[in-house]
A.B. asks: 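One structure, as structure tokens, below. Some questions next.
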Amino acid sequence: MSRTTPPRPLDVLEVFPELREHSATATRLHPRPGAPAVSDSSVGGPLLWPAGEPWPVCDDGPEHYVHRLLTPATVWRRRAIYAVARTRQPYAVTDEERAQLPGPDFSEPRSLIAQPIPYVPVAQLFRRDVADFAGPDDADVLQVLWCPLDHEDEGCNPRVRLFWRRSADVGPVLETPPTPPVVSDSYLPTPCVVHPEQVRECQYADLLPADLGERIAGWELDYDDDFSLAPGWKVGGFANWSLTDPHPVECADCGTAMTLLLTVDSAEWYGSDCSWRPVEEPVTASSGPTDVEIGRSYALYVFRCPVSFDHPSATAMQ
Ligand SMILES: [Zn+2]
Ligand SMILES: [Zn+2]
């Protein structure tokens, strides 16, 4: 089933034609739990990873900021138990199931992070599926991985790495990638298939020219909620700076202002009256299909340097 963003209440570019030069396309990924294959675009799915290429690991060891550590097996078991509980009327977890759940204060020992921590798949995006795909000319797939623990030097977020590839060059695929001994459970995405849909976004209000921003602020309709930025996982478009106010993101190598590549969001829509909830989905549908949570329901924005895909990426939490 495809996913369709409801039409905007009106065409904002007709009301404010100057907005056109501050608008851009974005591709909403609409991730939903499923069983993606290595040859599919996915969130949290298996990667088309060459068997002979080392899998990335994080050596930060004790420098990780540790809140609560769980094994991936525990995280999967817990999600499975809650998924079954949600199918019961009324919602219920049995005593037997509860006995399998980690207590609220339980954490695996900190010593487990002294070893190298394998990264986990966050997204695999094929150029053919994602209208706003960006990558080197010869690349047709982007793979996004992160270390599933908090890093103080990343603003207490996971550390992201990007890999662009030409899928025809991959050859034999790594069958069983290593998995981390422990994770922060909000950084282990539930495997999802994606339903890409291109939408148009308009720049975050505070980044518009002052006179235009003022006229929009005085408009009777709600620019921020209904016309500016799509919530949820997306490729391209603009970042929402509502947590800290806008700050420049510049390439660590060359100083160029960076471009938003990917948004990892804690929810696909916020609130039952959100105008961006796909028309196919009832108000009771889960708005958190990936089980990823960034901070307290924020988003992680992954930026790329427009000068070179070889320059390092950067992230911001908002
Ligand atoms: Zn790490
Ligand atoms: Zn650069």
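If you're wondering where the values come from, they're calculated on a predicted model, not measured in any experiment. All ligand and atom numbering here is 1-based and tracks the order in the structure.
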A.B. asks: Are any of the side-chain heavy atoms of Val194 and His30 separated by less than 4.5 Å?
C.D. replies: no
A.B. asks: Which count of protein N, O or S atoms is obtained for distances strictly below 2.8 Å from the Zn ion (ligand 2)?
C.D. replies: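 Count of protein N, O, S atoms less than 2.8 Å from the Zn ion (ligand 2): 4.
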A.B. asks: On the 0 to 90° scale, with breaks at 30° and 60°, tag the His64-His151 ring pair as parallel, tilted or perpendicular.
C.D. replies: perpendicular
A.B. asks: Side chains of Leu29 and Val235: does their closest heavy-atom pair fall under 4.5 Å?
C.D. replies: yes
A.B. asks: So, do Ile117 and Pro181 sit near enough that their side-chain heavy atoms are less than 4.5 Å apart?
C.D. replies: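 They are in side-chain contact.
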A.B. asks: Keeping waters out of it, list the protein N, O or S atoms under 2.8 Å from the Zn ion (ligand 1).
C.D. replies: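 Near the Zn ion (ligand 1), the protein supplies Cys58 SG, His64 NE2, Cys147 SG, His151 NE2.
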A.B. asks: How about Tyr187 and Trp146: are their ring centres within less than 6.0 Å of each other?
C.D. replies: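 That pair passes the under 6.0 Å test.
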A.B. asks: For Pro289, is there any backbone N or O sitting under 3.5 Å from a side-chain donor or acceptor partner on Glu268?
C.D. replies: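 Side chain of Glu268 to backbone of Pro289: no pair is present.
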A.B. asks: Just to verify, which of Asp245, Thr244, Asn240 counts as forming a side-chain hydrogen bond (donor to acceptor under 3.5 Å, both in side chains) with Ser242?
C.D. replies: Asn240
A.B. asks: Would you call the rings of His247 and Trp241 parallel, tilted or perpendicular, taking 30° and 60° as the class edges?
C.D. replies: perpendicular
A.B. asks: If the threshold is 4.0 Å, N to carboxylate O, is there a salt bridge linking Glu108 and Arg68?
C.D. replies: no
